[in-house]
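Reading through the structure tokens given below for one structure.
In this text, all values refer to a predicted model and were calculated from it rather than measured experimentally.
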Amino acid sequence: MPDTGDALDRSPALFLAHWPGLEVFDAAELDRLGAITRIIDRTPIGSWDDPRAGELLGEAEVIVGHWGCPPVDAGVLARAPNLGLIAYAAGTVKGVVTDAVFERGIRVTTGARANAEPVAELTLAAILLAGKDAFWLRDLLRDPSVAAHRPIGEVPTGNWGKTIGIVGASAVGRRVIELLRPFPHLAVALYDPFVDEEEAARLGVRRHEDLDDLCAVADVLSIHAPDLPATRGMIGARQLAALRTGATLVNTARGALVDHAALVAELRAGRLYAVLDVTDPEPLPEDHPLRHLPNVFLTPHVAGSMGTELHRLAEHVIEEVRRWVAGEEAADEVTRERLERMA
């Protein structure tokens, strides 16, 4: 229904675009948006075929998007002559914005850094639990027969004197590096071809130019690269073989970055442990080995924002809208060049 707040007609007009039924904003957060804009309709658009779409696009200066926001292409923009901001409340805007958006000079912002927080928190927990061998010991308590599945490892138990290998200095990768700083006895090594020695020094990590070299020194290898044609399968048989027996692979990025067949071969041999929040495909078939091997801790893509964590995304996008209304720089702007390297 139309917003009935105190926003004046000269306030920029805004509407929401995401999956119907997804509760991104509570009433108080919508009121805060309504205090700096004029919300045309508080019920989100999930398709441009919605009967409301023509009127909303014709008036809107701001689209606040989230999961399920339909693509904004040249045809949509032709119906939205006043649009100046697409403020996305979640992570990647791939599949939402197109070249036509950048050609029009429309500002695009993302909640990628806000969404990185829970992913990094879960990753940190996985790293620390892997160091204590907690995942394996849990399975051993449940079924002592799995002891025969794992050979004597080369990685001792504990979170002292270990090396954490980070693949990709993405928003999540950088936040994981920050969260590891209170653990000075855990060394952090990084592989990212876009990070030079100077930036690595600022991050406080040891830079590796070669991914295989990073794998060879990592006690825990944590993946945070984007899913791009160049990165799919980047953790393959050679990289997995370079990991020491007893090392743990953590993937909270995208399943396609890891060669699943090569990983299953190493896991069946009992050499490695894997903590996987993402797979390819999602979900895995019921009979897939990754669902059943005792040295795999599998979760159904839960690392990103969920439940109460959606309020962090709401806070972020409200601030991005406020900045645009006030004529300030965006906190997390997406350019055409950045979009090409985003997950």
Side-chain angles (χ1 to χ4, degrees), residues 1-112 114 310-311 313-336 339:
M1 65 179 185
D3 184 69
T4 57
D6 295 330
L8 301 177
D9 286 346
R10 63 176 175 272
S11 299
L14 174 151
F15 72 87
L16 313 173
H18 56 74
W19 282 318
L22 180 64
E23 296 184 5
V24 181
F25 303 97
D26 61 22
E29 288 160 347
L30 284 174
D31 287 344
R32 288 175 56 198
L33 266 179
I36 54 177
T37 66
R38 179 170 52 87
I39 304 177
I40 314 169
D41 197 319
R42 292 194 175 206
T43 302
I45 287 278
S47 167
W48 302 130
D49 293 330
D50 188 305
R52 300 170 295 154
E55 181 179 352
L56 296 180
L57 286 168
E59 192 173 354
E61 296 163 74
V62 179
I63 296 175
V64 169
H66 204 277
W67 299 320
C69 177
V72 181
D73 57 20
V76 173
L77 290 178
R79 302 162 65 190
N82 303 311
L83 187 63
L85 171 66
I86 300 173
Y88 197 64
T92 181
V93 294
K94 282 186 174 179
V96 175
V97 301
T98 62
D99 283 345
V101 171
F102 297 111
E103 289 165 4
R104 268 267 299 268
I106 295 167
R107 179 187 285 187
V108 178
T109 66
T110 175
L310 293 177
H311 293 293
L313 301 182
E315 291 287 327
H316 176 84
V317 81
I318 291 169
E319 173 61 12
E320 289 286 29
V321 173
R322 186 204 65 77
R323 285 170 175 262
W324 182 79
V325 172
E328 301 173 5
E329 291 186 0
D332 199 357
E333 185 168 3
V334 179
T335 62
R336 193 195 308 253
L339 183 67

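- In Glu55, the CD atom is not crowded: 12 or fewer heavy atoms of neighbouring residues, nucleotides or ligands sit closer than 6.0 Å.
- Side-chain atoms of Glu320 come within 3.5 Å of backbone atoms of Ala331 as a donor-acceptor pair (strictly under, hydrogens ignored).
- Considering only residues two or more places apart in sequence or on other chains, Arg336 meets the side chain to side chain donor-acceptor pair (under 3.5 Å) condition with Asp99.
- Between Val334 and Val97, the closest side-chain pair of non-hydrogen atoms is not below 4.5 Å.
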Less than 3.5 Å apart, which donor and acceptor atoms pair up between the side chains of residues 62-70 and the rest of the protein, not counting sequence neighbours?
none

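- Looking at residues two or more places apart in sequence or on another chain, you find a side-chain contact (heavy atoms from CB on, under 4.5 Å) between Ala74 and Ala100.
- Across all non-hydrogen atoms, the minimal contact from Leu83 to Leu85 is CD1-O, 3.5 Å.
- Taking the side-chain contact (heavy atoms from CB on, under 4.5 Å) definition, one finds that Val325 meets it with Pro12, Thr37, Val321, sequence neighbours left out.
- When all heavy atoms of Leu313 and Gly111 are compared, the closest pair comes out as CD2-O, 3.9 Å.
- When all heavy atoms of Gly46 and Pro20 are compared, the pair lying nearest together is CA-CD, 4.2 Å.
- The two residues Pro44 and Trp19 make their nearest non-hydrogen contact at CG-O, 4.4 Å.
- Glu59 meets the side chain to side chain donor-acceptor pair (under 3.5 Å) test with Arg38; sequence neighbours excluded.
- The distance from atom CG of Leu56 to atom CD1 of Ile45, rounded to the nearest 0.5 Å, is 5.0 Å.
- Separation of atoms OG1 (Thr109) and CD (Glu329) is listed at 13.5 Å; rounding is to 0.5 Å.
- Side-chain atoms of Leu310 and Val24, non-hydrogen and from C-beta on, never get closer than 4.5 Å to each other.
- A distance of 10.5 Å separates CH2 of Trp324 from CD1 of Ile36, quoted to the nearest 0.5 Å.
- Here CG of Leu33 is found 12.0 Å from OG of Ser11. Values are rounded to the nearest 0.5 Å.
- For Asn82, the side-chain contact (heavy atoms from CB on, under 4.5 Å) partners two or more places apart in sequence, or in a different chain, are Glu61.
- Asp50 pairs by the salt bridge (Lys or Arg N to Asp or Glu O under 4.0 Å) definition with Arg52, not counting sequence neighbours.
- By the salt bridge (Lys or Arg N to Asp or Glu O under 4.0 Å) test, Glu328 pairs with Arg322, sequence neighbours left out.
- In this structure, Thr98 OG1 and Asp73 CG are separated by 5.5 Å, a value rounded to the nearest 0.5 Å.
- Looking at Phe25 and Leu16, their side chains come closer than 4.5 Å, going by heavy atoms from C-beta outward.
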Full working for side chain to side chain contact (heavy atoms under 4.5 Å, CB included) between Leu77 and Glu103: CA-CA 11 Å; Leu77 290 178; Glu103 289 165 4; over 6 Å; no

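- Annotation: side-chain contact (heavy atoms from CB on, under 4.5 Å) contacts of Ala112 (sequence neighbours excluded): Thr110, Asp332, Arg338, Met342.
- With sequence neighbours left out, Glu315 forms a side chain to side chain donor-acceptor pair (under 3.5 Å) with Arg32.
- Remark: Glu29 engages His311 in a side chain to side chain donor-acceptor pair (under 3.5 Å) (not counting sequence neighbours).
- To the nearest 0.5 Å, atoms CG (Asp31) and CG (Asp26) are separated by 8.5 Å.
- Put simply, the side chain of Trp48 gets close to the backbone of Pro71: a donor and an acceptor are under 3.5 Å apart.
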